[in-house]
Amino acid sequence: MTRNTRLTLALIAVVVLVVGALLAVNRPAHPPAATTEAGAIESTVLVREDSHRLSTAPDGKVTLVEFLDFECESCAAAYPAVKQILATYQDRITVVVRYFPIPSHPNADLAARTAQAAANQGRFSDMYVQLFENQTSWGHKEQAQTEVFLGYARTLGLDMPRFERDLDDPATATRVAKDKADGAAAGVQGTPTFFLNGRQLTDLRGQDDLVAAIDAALAG
């Protein structure tokens, strides 16, 4: 082995160690998932009393929970499937939405607070629609999209002074953070993440897989 080869290998080893160290530092520290004896996530972690429901099944047999980020393109891609599921199943299943804003998305936290401020006036589902159906016009912009979101609130006819107060209220940020903490406790590491009756749905390839899982749960 030549001296140059030894130097090259040594340099590669150093780079690998540095990259590994950076990954270890930047990896989110998720607490252990809160699971039941049957292996499902504790229902109290996935669905809180104040969690936002897009539909509610009186029998409570099937509950679909989505942890989402309004600025996430994959969440926007999943939105039409969720919309179709709501139309198809209506009150046969409960559909719950939880906030999980990703730090690398510049307006994700603001969007979640926008949805929560609308929720304080009973209009969560309407703001949910506004944010996803207009994501391409506000998403992935470095500057804060506050004025855009205020425009959505005006479109919905919200009480604007109250909306603006709630948007900046520390209690609103705390409410969003509580959802994200529950997601971390449930093992969520990215968005969208779906749970059906307490179990995370993995390897979803599209709407058909989600529908098949729901149908199986309803039939079970």
Side-chain angles (χ1 to χ4, degrees), residues 27-103 105 108-109 111-112 115-116 119 124-125 127-129 131-132 173-220:
R27 186 180 296 119
H30 296 289
T35 58
T36 66
E37 290 183 2
I41 303 298
E42 293 281 359
S43 60
T44 54
V45 172
L46 291 179
V47 183
R48 300 288 183 181
E49 186 176 344
D50 62 353
S51 293
H52 300 305
R53 294 160 175 80
L54 299 179
S55 65
T56 302
D59 62 11
K61 182 178 181 180
V62 176
T63 298
L64 179 69
V65 179
E66 179 186 6
F67 284 86
L68 59 75
D69 173 339
F70 287 108
E71 197 168 6
C72 164
E73 292 176 341
S74 296
C75 293
Y79 164 72
V82 175
K83 187 177 178 180
Q84 184 59 52
I85 284 167
L86 288 167
T88 300
Y89 295 95
Q90 299 183 18
D91 62 354
R92 294 173 63 201
I93 68 172
T94 298
V95 177
V96 178
V97 171
R98 306 294 303 275
Y99 305 120
F100 200 85
I102 304 298
H105 295 161
D109 185 75
Q116 185 56 39
F124 171 81
S125 60
M127 187 60 77
Y128 164 91
V129 169
L131 290 168
F132 273 132
T174 298
R175 173 65 179 76
V176 172
K178 283 171 57 181
D179 267 21
K180 189 165 185 179
D182 280 346
V188 174
Q189 298 188 42
T191 56
T193 295
F194 291 94
F195 292 86
L196 186 64
N197 287 352
R199 297 185 181 278
Q200 185 175 339
L201 297 177
T202 57
D203 300 323
L204 291 174
R205 294 180 295 276
Q207 181 176 339
D208 289 347
D209 288 350
L210 193 53
V211 167
I214 292 170
D215 286 341
L218 285 169

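What you are looking at is a predicted structure, and each value in this text was computed from that prediction instead of being measured.
Taking every heavy atom of both residues into account, Thr94 and Arg53 meet most closely at CG2-CG, 4.3 Å. Here the closest non-hydrogen pair linking Ala219 and Lys61 is C-NZ, 4.3 Å. When every heavy atom of Val96 is checked against every heavy atom of Ser51, the shortest pair comes out as CG1-CB, 3.8 Å. When every heavy atom of Ser55 is checked against every heavy atom of Ile93, the shortest pair comes out as OG-O, 2.9 Å. Considering all non-hydrogen atoms of both residues, Phe100 and Ala184 come closest at CE1-N, 3.8 Å. In this structure, Leu204 and Leu210 approach most closely via the heavy-atom pair CD2-N, 4.0 Å.
Residue Ile102 holds its CD1 atom at 10.0 Å from CD of Gln189, rounded to the nearest 0.5 Å. Residue Met127 holds its CE atom at 9.5 Å from CZ of Phe70, rounded to the nearest 0.5 Å. Distance check, rounded to the nearest 0.5 Å: OG1 of Thr174 to CG of Asp179 gives 12.0 Å. Going from atom CG of Asp208 over to atom CG of Asp215 covers 10.5 Å, rounded to the nearest 0.5 Å. Interatomic distance, CZ of Phe194 versus CG of Leu68, reported as 8.0 Å (0.5 Å rounding). With values rounded to the nearest 0.5 angstrom, Gln207 atom CD is found 12.0 Å from Lys83 atom NZ.
The closest side-chain heavy-atom distance from Thr193 to Val65 is not below 4.5 Å. Residues Leu218 and Tyr89 are in side-chain contact: their nearest non-hydrogen atoms beyond the backbone lie under 4.5 Å apart. With contacts defined as side-chain heavy-atom distances shorter than 4.5 Å, the pair Leu196/Thr63 does not qualify.
For His52 and Tyr128, the ring centers are positioned 6.0 Å apart or more.
The stretch residues 68-81 participates, sequence neighbours left out, in these side-chain hydrogen bond (donor to acceptor under 3.5 Å, both in side chains) pairs: Asp69-His105, Tyr79-Glu133. Identified under the salt bridge (Lys or Arg N to Asp or Glu O under 4.0 Å) test for residues 181-202, with sequence neighbours left out: Arg48-Asp182, Arg98-Asp182. Counting only residues at least two apart or in different chains, ring pair (Phe, Tyr, Trp, His ring centres under 6.0 Å) contacts with residues 198-220 are absent.
The aromatic rings of Tyr99 and Phe124 sit perpendicular to each other, their planes meeting at more than 60°, with 30° as the lower class boundary.
Of the charged side-chain nitrogens involved, at least one lies within less than 4.0 Å of a carboxylate oxygen, so that Asp50 and Arg175 count as a salt-bridged pair.
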#### Entry: Evaluation steps, side chain to side chain contact (heavy atoms under 4.5 Å, CB included), between Leu64 and Leu201
CA-CA 10 Å; Leu64 179 69; Leu201 297 177; 4.3 Å; yes
Report task. Could you check Ile41 against Phe195 for side chain to side chain contact (heavy atoms under 4.5 Å, CB included), going step by step and ending with a plain yes or no? Result -> CA-CA 9 Å; Ile41 303 298; Phe195 292 86; 3.7 Å; yes
